[in-house]
Amino acid sequence: MRLMIVIFLMVCGSAFATEDRYEFANAERENTFRELTHELRCPKCQNQNIADSDAVVAKDLRDKVLSLVNEGKSKDEVIDYMIDRYGYFVHYQPPVTPATIILWVLPIFIVVVGFGFIVFRQKKASSKQTWSEQDEQLLNKLIKQYQRREQ
Amino acid sequence: MNRKLLGLIPFLIFILLCVFLYQGLFGNPRELQTGRLGQQMPSFTLPDLMSDSKQWQESDLLGEVYLLNVWGTWCPTCVAELSYLTELREQGVRIIGLYYEQGYDPDFGDQFDINKLRAEVNAMLARTGNPYQFNILDLKRTLALDLGVSGAPETFLVDKQGKILLHHTGDINQRVWRAKFAPKLMELTQ
């Protein structure tokens, strides 16, 4: 029985090893490759990353990323390499440019304006309420009236 | 008066949003632009599709304005545009083919048969007309990757100095030609 388990585990191990056909010099490069293939976008099957897509171009990009990583290129260098060829579209993280700055500014703007509006309205509402001497006398009178009634 | 104007703000935001979303209806997400626009043709050395001995380099293409058309016989849209491209050739447009071989993948042990491919291409061009001055065979799709090609058909307009001026994804028809390519070509030839 024990032998069976050992054999079973060995078979499992080798099955896993054949599935991963990419080879790396060290774990750091493997990590970089994994991150890149999840961050780069397939130009053909849009809304899939290149790790996920089966399109020919996605495979070509994966192979290119692999060879660049194995040459010792850093993550940013590989991303720049791809952007040079496929434009900003190929990276899931848009850069801050005059055209895209609105993505960062607009949410902050809306929150600031929203809170500003609330504060402004409350101040306005509280300054509108006037409380005169007559109101005070009337209030006191009413309180006394009700107190008497309760007794 | 001031309050009325303030009340209009949500309405204005709504109108702006409508305009933005309405435009989105007509955008084509497949219309990608290469990162190479305005740059020189990347350097390459690739064989001719029809001849074993001939090798092409980027410097061989200089001196004349040309279209670089990425295509393959496996791609139905490419086949559909061949006859229109042939018309363009007859009007004097210089078209160079970049043959994008899709089926071949050495990782899957595919065998590549150049003679079979040549016969296929010849048969097809005999049927539709041949728009190409010559074809460059990009078997491993290296030039395609350097150009930011995501599939076929795609077409680049390149000027005399080898600068990439236009990138079009999808087929070329009369409408696309008139709207996108013809004005740019006129500018160049004047």
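- Atom CG of A/D63 sits about 11.5 Å away from atom NZ of B/K140, to the nearest 0.5 Å.
- A/Y86 places no side-chain N or O within 3.5 Å of a backbone atom of B/D146 that could act as its donor or acceptor partner.
- Across every non-hydrogen atom of A/L61 and B/L145, the tightest pair is CD2-CD1, 3.7 Å.
- The 12-atom threshold is not exceeded at CZ of A/F120, counting heavy atoms of other residues, nucleotides or ligands nearer than 6.0 Å.
- Judged by distance alone, with hydrogens and angles left aside, the side-chain atoms of B/T34 form a donor-acceptor pair with the main-chain N or O of A/R85 at under 3.5 Å.
- Within a 6.0 Å sphere centred on CZ of B/F44, other residues, nucleotides and ligands contribute more than 12 heavy atoms.
- Annotation: side chain of A/F117 is not in contact with side chain of B/I9 (no heavy-atom distance under 4.5 Å).
- Residues A/L103 and A/V105 share a single hydrophobic cluster, defined by chaining ILVMFWY side chains whose heavy atoms lie under 4.5 Å apart.
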Discussion item. Go through it in stages, so that I can follow the logic: the residues are B/R36 and A/D84, the test is salt bridge (Lys or Arg N to Asp or Glu O under 4.0 Å), and I'd like the CA-CA distance, side-chain angles, deciding distance and then a yes or no.
Written reply: CA-CA 6 Å; B/R36 292 285 188 201; A/D84 276 348; 5.4 Å; no
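- Both B/Y132 and B/I114 sit in one connected hydrophobic cluster of ILVMFWY residues. Membership requires side-chain heavy atoms under 4.5 Å apart, directly or through other members.
- Shown here is A/N26, whose CG atom has more than 12 heavy atoms of other residues, nucleotides or ligands within 6.0 Å.
- A/E71 CD: more than 12 foreign heavy atoms inside a 6.0 Å radius.
- Looking at A/Y81, only its side chain comes within 4.5 Å of chain B, counting heavy atoms on both sides.
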